[in-house]
Amino acid sequence: MNHPIQLTNKEEIENQLKKLLDIEYALDQSAIVAVTDRQGIITYVNDCFCKLSQYSKEELIGKSHQMINSGYHPKEFFKNMWRTIGKGEIWVGEIKNKRKDGSFYWVHATIVPFLNEKGLPYQYVSIRTDITKEKQLEEEVIQSNEKYRLIAENSVNLITLINEDGSFDYVSPSFEKILKYDLQSLEESNLFELVHPHDLQALKNKLQVFLVKKEPLECEFRLSTLDGNYIDVEAVISFTEKSPYSCSNDLLLLVMRDVSSKKAIEKKIHHLAYHDSLTDFPNRRSFMNQLRNELLARQKSKYGMSILFIDLDNFKNVNDQLGHDIGDIILKKSADHISKVIRPTDIAARMGGDEFIVMLRNINSPDETNEIVKRILAIFRAPFQVEGEECIVTSSIGVANFPEHGESAEELIKNASHALARVKEKTKNDFLVFNKTIEYQSIERKLLESAFRIALQEKQFSLEYQPKMNMKQDTIIGMEALVRWNHPDLGTIPPGKFISLAEETGLIIHLGEWILYEGCRQAKEWQDKGLENLIVSINVSVRQLEDPSFIEKLKRVLEQTKLEPQYLEIELTESIFADIKNTTVILEEIRSIGIQVSVDDFGTGYSSLSYLKHLPIDTLKIDASFVRDIHVNEESKAIVRAIINIANSIGLKVIAEGIELQEQAHQLYIEGCKFGQGYFYSRPLKVEAFERFMQQSIVK
């Protein structure tokens with residue numbers, strides 16, 4: 001089956017890459033390129049640079065341009081250059097350098113600073129052209145007017161003598177070659193007639209200053225060709241006294257170089273510095289500049305403005321399962337989706353990764369913002385068609401309105417981000433407008449994160465243990481270790497408040513390692529006391545599984561606590577199905593150690609059943625939502641019955657969690673579930689209470 005849309009997108013990406021390669025090749029063939037860091041140390045040179053300077057790349061990289069300093073220019077020349085590029089502005093000028101053999105050469109240089117998010121240069125790209133011959137020609141022109149005329153006729157530059165009013169006294173044959181004008185008619189006209197109207201007044205102003213100071217002038221402007229197009233030229237203007245070969249008074253000598261190709265390259269470099277190469281959206285730095293400029297103009301506007309912070313839901317799974325090439329196609333399609341919905345006056349940018357941001361300008365009311373947001377959500381709910389496959393990637397959006405939710409760019413984006421975070425924590429595939437509650441929650445979250453870090457250092461955490469029961473024999477078969485945070489001032493903080501925080505911040509890695517150690521240590525201590533050899537179950541998050549050293553940590557904990565691996569069970573949530581390829585490898589390593597694996601909260605995921613046979617697991621835990629009404633709800637009974645039948649067919653154990661009533665336990669047993677856990681048997685217990693529970697179970 002053909003899919004022209006996908007093929008077109010591939011071609012667009014390939015064409016874009018080809019254009020970049022073509023530009024790079026053209027640049028390497030036609031210009032001398034060097035890259036330096038902010039201290040002026042050379043980090044890259046191309047072959048043209050090495051050929052002209054006679055130094056190898058190895059000799060140049062890591063050094064400064066002092067190596068090729070000719071000593072011709074005064075220190076103030078370079079101070080002015082560094083002052084210009086240090087402010088983030090492009091510097092253009094001519095420099096005399098020295099080759100390795102001691103000979104000299106001239107280059108025309110354009111130095112482009114690349115700025116970081118703070119607007120400070122972090123590297124400089126210089127594009128040079130060899131103008132040694134031109135400089136030699138210019139020197140000879142000064143020495144001899146006759147020689148100048150001979151040279152001018154063979155120069156690729158546009159050379160002309162004009163009067164102060166712009167009328168031509170002489171034009172070189174290159175005018176005919178480059179601009180396509182007839183020389184005879186051109187000499188009877190005026191230079192100012194060829195200059196682009198937008199550049200004309202600026203040129204005249206500079207010439208007025210030049211005529212007073214009579215110091216050589218360098219400037220840029222555009223000249224018209226016979227076919228009505230314009231070329232960019234760089235001009236060096238000098239003053240010549242009255243010539244015996246001219247009836248005119250003092251003349252102005254202009255040597256102009258066609259720099260249209262170089263300008264196009266500079267424009268492309270500038271575009272790449274401010275745009276995302278994949279989507280061609282403005283990047284973060286460009287968007288921030290536009291947002292700040294927009295806010296400056298807001299005082300005079302009667303309209304409102306909104307910021308939309310957009311994040312693609314579960315995009316990481318697309319990259320992991322389908323590859324980054326497919327992920328890039330989806331990112332580009334996402335940019336197209338956003339562009340289709342927003343208005344021409346709005347600005348969309350890619351902030352990085354799978355995050356986009358939109359500035360809705362000239363908004364009449366919050367309802368207008370909400371309507372645009374809903375259309376974005378709707379267009380993302382339709383599946384992406386990529387290489388014959390359907391990919392569902394929804395979006396979540398946080399909204400901040402100006403000026404209610406902030407008057408600065410940073411504040412608006414921060415608050416839109418906070419609103420987005422709340423959406424991602426809850427349902428996803430939705431939007432939320434920032435409000436004070438979110439602000440208070442964000443402050444609370446920051447305080448909680450700070451307290452959490454202190455709690456890790458001060459060991460404010462403890463474990464409680466909830467029994468797992470054989471429902472027929474009413475005997476204990478194991479226990480689940482559950483973490484508790486006992487804050488010295490706030491008391492017990494529920495896991496629901498800090499576990500998600502720990503996962504988002506990565507602190508779950510440290511907390512999880514402590515839980516593993518403490519749970520195994522306690523299980524071994526009970527065994528040494530002569531109590532039953534029970535399996536301790538410990539919850540592990542996907543974030544922990546992604547830790548490259550997780551397997552080594554597991555082995556180290558077992559070695560340190562001396563607990564046999566068959567008495568440890570790792571409990572994982574159904575989120576492991578999102579990246580089944582990588583998860584399977586890790587789970588196989590865990591089971592090869594001898595550790596058991598169970599899937600917690602099973603049944604809530606829409607795709608989990610199809611993946612069961614691929615996962616190396618031992619046990620399924622039926623989610624409490626199905627247990628809660630199993631004694632009165634036929635649908636819940638049917639779901640539980642299906643899970644048990646599937647588990648039995650592939651050799652998995654089943655345990656039901658969240659059992660609170662005898663009727664629930666009875667119905668589960670009827671459906672074939674042998675093991676259970678919940679308040680009906682026992683709440684999570686502290687160490688001493690759990691010991692008593694085990695002893696009572698032994699007596700039974």
Side-chain angles (χ1 to χ4, degrees), residues 461-487 491-500 515 518-519 522-523 526 531-532 534-541 569-574 596 598-604 619-637 639-641 643-644 647 653-700:
F461 296 98
S462 63
L463 294 183
E464 292 183 357
Y465 300 87
Q466 186 172 36
K468 294 182 177 181
M469 306 297 293
N470 182 313
M471 292 194 291
K472 181 179 180 181
Q473 301 174 1
D474 197 28
T475 55
I476 185 170
I477 60 168
M479 61 280 190
E480 180 179 359
L482 300 166
V483 66
R484 298 292 183 259
W485 181 3
N486 308 300
H487 193 279
T492 301
I493 298 176
K497 269 203 167 185
F498 68 83
I499 292 297
S500 60
I515 294 171
E518 181 60 22
Q522 185 61 64
W526 282 328
L531 298 172
E532 282 195 70
L534 301 177
I535 297 174
V536 60
S537 299
I538 296 176
N539 292 283
V540 171
S541 73
E569 180 181 63
I570 297 299
E571 287 197 10
L572 304 163
T573 62
E574 275 195 309
Q596 299 186 47
S598 72
V599 176
D600 200 4
D601 302 329
F602 187 80
T604 56
T619 304
L620 297 180
K621 294 186 72 175
I622 300 173
D623 187 69
S625 62
F626 303 116
V627 174
R628 188 175 301 117
D629 60 354
I630 190 171
H631 57 300
V632 293
N633 188 305
E634 290 300 323
E635 185 178 346
S636 293
K637 290 179 187 178
I639 292 173
V640 170
R641 189 179 305 123
I643 293 173
I644 293 171
K653 291 184 293 184
V654 177
I655 181 170
E657 57 184 340
I659 302 173
E660 298 183 355
L661 303 172
Q662 184 173 3
E663 292 86 348
Q664 295 167 345
H666 178 69
Q667 187 62 50
L668 284 164
Y669 185 73
I670 291 174
E671 299 297 339
C673 183
K674 299 176 182 178
F675 308 107
Q677 173 185 354
Y679 284 10
F680 173 65
Y681 298 104
S682 173
R683 291 173 176 271
L685 303 171
K686 296 183 184 299
V687 172
E688 298 79 6
F690 191 82
E691 285 185 14
R692 291 194 294 272
F693 187 92
M694 282 196 292
Q695 290 165 350
Q696 292 168 3
S697 178
I698 293 172
V699 171
K700 290 180 183 178

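Computed over heavy atoms, backbone and side chain alike; hydrogens, waters and symmetry mates excluded. Every value quoted in this text rests on a predicted model; they were computed, and no experiment measured them.
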Worksheet entry | Gap between atom CD1 of Ile570 and atom OG of Ser598 - 0.5 Å precision | 8.5 Å
Fill in: Donor-acceptor pair between Glu480 and Ser537 side chains, under 3.5 angstrom
no
Worksheet item: How about Val627 and Glu657: do any of their side-chain heavy atoms sit closer than 4.5 Å?
Response: no
Discussion item. With rounding to the nearest 0.5 angstrom, report the NZ to CD distance, Lys653 to Gln596.
Written reply: 4.5 Å
Item to complete: Could you tell me the separation between the CD atom of Glu634 and the CG atom of Asp629, rounded to the nearest 0.5 Å?
Response: 10.5 Å
Worksheet item: Without hydrogens or angle criteria, can the side chains of Gln667 and Glu671 be said to hold a donor-acceptor pair below 3.5 Å?
Response: yes
Discussion item. Show the nearest heavy-atom pair for residues Val540 and Leu572, with the distance to one decimal.
Written reply: O-CD2, 3.3 Å
Worksheet, complete the sentence: Between Gln466 and Ser682, the two heavy atoms sitting closest are NE2-O, 3.0 Å
Discussion item. Contact between Leu668 and Ile644 at the side-chain level, heavy atoms closer than 4.5 Å - yes or no?
Written reply: no
Worksheet item: Do the non-hydrogen side-chain atoms of Lys637 and Ile630 ever get within less than 4.5 Å of each other?
Response: yes
Discussion item. Side chain to side chain contact (heavy atoms under 4.5 Å, CB included), that's the test. Do Met471 and Ile659 meet it? Break it down for me.
Written reply: CA-CA 11 Å; Met471 292 194 291; Ile659 302 173; 3.8 Å; yes
Fill in: Value rounded to 0.5 Å, distance of CZ in Phe680 from CE in Met469
9.5 Å
Practice prompt. Check the pair Gln522, Val536 against side chain to side chain contact (heavy atoms under 4.5 Å, CB included), reporting the backbone distance first and the verdict last.
Written response: CA-CA 9 Å; Gln522 185 61 64; Val536 60; over 6 Å; no
Discussion item. Going by side chain to side chain contact (heavy atoms under 4.5 Å, CB included), name the residues that satisfy it together with Asn486, two or more places apart in sequence or in a different chain.
Written reply: Ser462, Arg484, Thr492
Worksheet item: If we only count heavy atoms from C-beta on, is the Glu635 to Phe626 side-chain gap below 4.5 Å?
Response: no
Fill in: Close side-chain approach of Tyr681 to Lys468, heavy-atom, < 4.5 Å
no
Worksheet item: Has the side chain of Gln664 got a donor or acceptor atom that lies under 3.5 Å from a matching backbone atom of His631?
Response: no
Fill in: Min side-chain heavy-atom separation Asn633-Arg628 under 4.5 Å
no
Practice prompt. Write down the atom of Pro495, the atom of Val483, and the distance for their closest heavy-atom approach.
Written response: CG-O, 3.7 Å
Discussion item. Among residues at least two apart in sequence or on other chains, which ones pass ring pair (Phe, Tyr, Trp, His ring centres under 6.0 Å) with Phe461?
Written reply: Phe452, Trp485, Phe498
Practice prompt. Would you mind reporting whether Leu482 and Asn539 have side-chain heavy atoms less than 4.5 Å apart?
Written response: yes
Practice prompt. Kindly assign one of parallel, tilted or perpendicular to the pair Tyr465 and Phe690, based on the angle between their ring planes and the thresholds 30° and 60°.
Written response: tilted
Fill in: Pairwise distance CD1(Ile476) to CD1(Ile535) - rounded to 0.5 angstrom
11.5 Å
Practice prompt. Determine whether more than 12 heavy atoms belonging to other residues, nucleotides or ligands lie under 6.0 Å from atom NZ of Lys674.
Written response: no
Practice prompt. Under the side chain to side chain contact (heavy atoms under 4.5 Å, CB included) rule, what do Trp526 and Val687 come out as? Steps first, then yes or no, please.
Written response: CA-CA 10 Å; Trp526 282 328; Val687 172; 3.8 Å; yes
Practice prompt. Take Leu463 and Ile515 through the side chain to side chain contact (heavy atoms under 4.5 Å, CB included) test and state the conclusion after the steps.
Written response: CA-CA 8 Å; Leu463 294 183; Ile515 294 171; 4.0 Å; yes
Item to complete: Look up atom CG in Asp600 and atom CD in Glu571, then write down how far apart they are to the nearest 0.5 Å.
Response: 5.0 Å
Response to the item:
Ile538 and Gly519 have their tightest heavy-atom pair at CD1-CA, 4.1 Å
